[in-house]
Amino acid sequence: MKVALAYSGGLDTTVAIRWLQEKYGAEVYTVTVDVGQEEDFKEIEEKAYKSGAVKHYHIDARQKFAEEYVARAIKANALYEGEYPLSSALSRPLIAEEVAKIALREGCDAVAHGCTGKGNDQLRFDATFAATAPDLKILAPVREWNMNREDEIEYALKNGLPINPRKSRFSIDENLWGRSIEAAELEDPWTEPPNEAFKLVKPLEETPNTPEELVIGFTGGIPTSLNGENSTMLEIIGKLNKIGGQHGYGVIDHIEDRVIGLKSREVYEAPAALILIKTHMDLEKMILGRRHLSFKQQIDKTWAEMIYSGLWADPLRKALDAFIDESQKNVTGEVRIKLYKGTMRITGRRAEKAAYAKEIITYSRESLFDQKAGEGFSKLWSLETRLTTLSEK
Ligand code: ARG
């Protein structure tokens with residue numbers, strides 16, 4: 001039996017290589033997909049071979065992730081439960097798709113992932129595998145074996161697997177759109193995350209004492225410039241993660257509802273994601289009409305819930321994206337922000353195709369608005385209230 005395994009180099013998937021060999025006598029093809037996590041990929045490759053992989057693949061998918069996944073999330077203002085920018089959730093369908101491609105190319109009988117049986121990630125991998133390689137068997141060693149972290153470490157040591165003497169007690173998942181931090185003392189929702197849990201965002205005491213101003217430019221709903229300079233999305237995201245983090249901005253700490261019905265305390269750092277989504281939302285308000293905005297909010301919410309629950313490959317997601325793409329045609333302009341001591345304040349916005357009309361809304365004498373028109377409008381506006389309250393008496 002030949003198996004292609006999504007391999008991160010972490011404990012779960014390192015243990016999985018050996019387990020697949022033991023249980024199925026499998027030839028394991030490991031696939032590591034670079035979605036912007038800062039890792040030593042050479043070391044990951046060595047670990048894969050030391051653990052028994054027959055062949056290792058490294059795939060640089062950063063640009064694809066930014067342009068085909070993150071760009072859609074920005075246009076959809078995607079924040080699950082209003083908070084989580086879906087960093088881990090968005091990467092899963094891309095990773096699974098790359099693994100499935102290699103499985104098909106190598107003539108594998110199965111695809112495999114290292115997800116546990118109580119998280120959301122299993123749903124995301126399994127659904128993408130189902131859509132891209134429906135004939136292959138799906139193996140999930142950690143889920144099947146019902147192992148916990150302690151069991152895994154014991155198994156790894158017994159089998160001489162190359163696991164790191166844990167660099168961190170936390171379970172980390174990282175990519176260019178954000179970093180998820182779980183486990184250890186964070187499982188107590190009252191415990192404050194210690195400074196060492198964070199990598200991108202500085203403790204407030206260490207942030208600069210002067211605010212920093214930035215101008216973010218969007219074209220058709222996608223970020224295309226920073227401080228007036230045209231840049232790729234990858235570059236903009238990288239810079240915003242750095243600058244936002246320096247100012248202590250970008251931590252999310254919330255109680256999240258997993259698909260299976262469990263609540264979990266989740267801690268993330270995602271400066272660029274929060275800056276880009278919030279500035280994008282602001283720019284949309286300059287351009288789209290009230291009904292358009294309000295309807296889009298419903299679409300955006302459904303979009304985020306679908307991505308969270310692993311339904312990237314579902315035709316409904318594509319249909320929602322068709323609506324979202326249409327809505328973004330005129331979302332071009334700039335938003336100015338100020339970062340300071342863990343906060344981000346929007347301080348201005350401008351757009352060529354703005355629906356905002358200063359010459360009409362202005363309080364000054366030059367206003368083009370004829371206030372007399374307000375009288376009839378206001379009278380009719382309250383007509384229904386007048387009639388319904390009368391009938392109650
Ligand atoms: N709760 C988040 C989600 O479901 C983060 C998952 C992080 N995954 C991990 N293996 N640590 O998207």
Side-chain angles (χ1 to χ4, degrees), residues 5-16 31-33 35-39 44 65 69-70 72-73 76 78-96 99 112-128 140-143 147-149 152-153 163-164 166-187 189 193 197-200 250-270 273-274 277 301 303-313 317:
L5 166 72
Y7 185 63
S8 70
L11 177 65
D12 291 332
T13 51
T14 299
V15 164
V31 184
T32 301
V33 182
V35 279
Q37 67 274 42
E38 273 171 16
E39 292 275 6
I44 291 180
F65 185 48
Y69 293 71
V70 170
R72 296 208 167 281
L79 294 173
Y80 177 66
E81 294 187 323
E83 304 262 2
Y84 166 42
L86 298 171
S87 43
S88 298
L90 272 171
S91 72
R92 297 316 192 223
L94 171 54
I95 296 171
V99 172
H113 60 70
C115 305
T116 72
K118 56 185 169 196
N120 302 310
D121 283 333
Q122 56 178 338
L123 308 173
R124 302 164 183 157
F125 273 98
D126 290 351
T128 305
V142 178
R143 182 170 68 188
M147 278 218 245
N148 55 45
R149 267 191 115 65
E152 286 179 6
I153 292 172
I163 55 163
N164 280 348
R166 297 298 295 154
K167 274 186 289 190
S168 158
R169 61 188 180 280
F170 303 110
S171 165
I172 307 284
D173 181 61
E174 183 187 76
N175 61 54
L176 57 93
W177 201 227
R179 189 166 173 269
S180 318
I181 312 146
E182 295 179 310
E185 71 262 37
L186 302 179
E187 288 170 357
F198 299 110
K199 191 175 111 183
L200 301 168
V251 171
I252 299 139
D253 181 337
H254 84 141
I255 300 297
E256 187 171 293
D257 289 285
R258 289 193 188 169
V259 180
I260 56 165
L262 279 174
K263 285 190 182 288
S264 78
R265 190 274 187 95
E266 297 285 336
V267 179
Y268 305 100
E269 38 184 354
L274 292 184
I277 290 171
K301 184 162 179 280
W303 195 93
E305 286 169 357
M306 287 195 76
I307 304 313
Y308 188 78
S309 45
L311 301 177
W312 172 270
R317 195 272 305 164

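All residue numbers in this chain count up from 1 along the given sequence. All ligand and atom numbering here is 1-based and tracks the order in the structure.
What you find for Asp12 and Gly114 is that their closest heavy atoms are CB-O, 3.7 Å. When all heavy atoms are compared, the tightest approach of Tyr308 to Asn120 is OH-ND2, 2.7 Å. Of all heavy-atom pairs spanning Arg265 and Leu186, the tightest one is NH1-O, 2.9 Å. Nearest heavy atom pair, residue Ser309 against residue Glu305, reads OG-O, 2.6 Å.
Asp126 and His113 form a side-chain donor-acceptor contact under 3.5 Å, judged by distance and modelled atom types alone.
The ligand atoms of ligand 1 that sit less than 4.0 angstrom from a heavy atom of Asp121 are 8 (N), 9 (C), 10 (N). Heavy-atom contacts of Arg124 reach the following atoms of ligand 1: 3 (C), 4 (O), 12 (O) (cutoff under 4.0 Å). Ligand 1 places these atoms under 4.0 Å from at least one heavy atom of Ser171: 11 (N). Residue contact check: Tyr268 has heavy atoms under 4.0 Å from atoms 1 (N), 2 (C), 5 (C) of ligand 1. Residue-ligand proximity, Asn120 to ligand 1, at heavy-atom distances under 4.0 Å covers atoms 3 (C), 4 (O). With ligand atoms numbered from 1 in the order given, ligand 1 contributes 5 (C), 7 (C) to contacts under 4.0 Å with heavy atoms of Ser180.
Of all protein heavy atoms, the one closest to atom 7 (C) of ligand 1 is Ser88 OG, 3.6 Å. For atom 9 (C) of ligand 1, the closest non-hydrogen atom of the protein is Glu182 OE1, 3.6 Å. Nearest to atom 12 (O) of ligand 1 among the protein's heavy atoms is Tyr84 OH, 2.6 Å.
No side-chain heavy atom of Val35 sits less than 4.5 Å from a side-chain heavy atom of Trp177. You'll find the side chain of Ile95 stays beyond 4.5 Å of the side chain of Ser8, heavy atoms only.
An N or O contact shorter than 3.5 Å is missing between Asp173 and ligand 1 by distance.
Residue Tyr80 places no heavy atom under 4.0 Å from ligand 1. Contact analysis leaves Glu174 out of contact with ligand 1, as no non-hydrogen atom separation drops below 4.0 angstrom.
Looking at Glu256 against ligand 1, only its side chain comes within 4.0 Å, counting heavy atoms. Neither the backbone nor the side chain of Arg179 comes within contact range of ligand 1; no heavy atom lies under 4.0 Å.
Using a 30° and 60° split on the angle between ring planes, His254 and Tyr268 fall in the tilted class, from 30° to 60°.
In this structure, Trp312 has its ring center under 6.0 Å from that of Tyr69.
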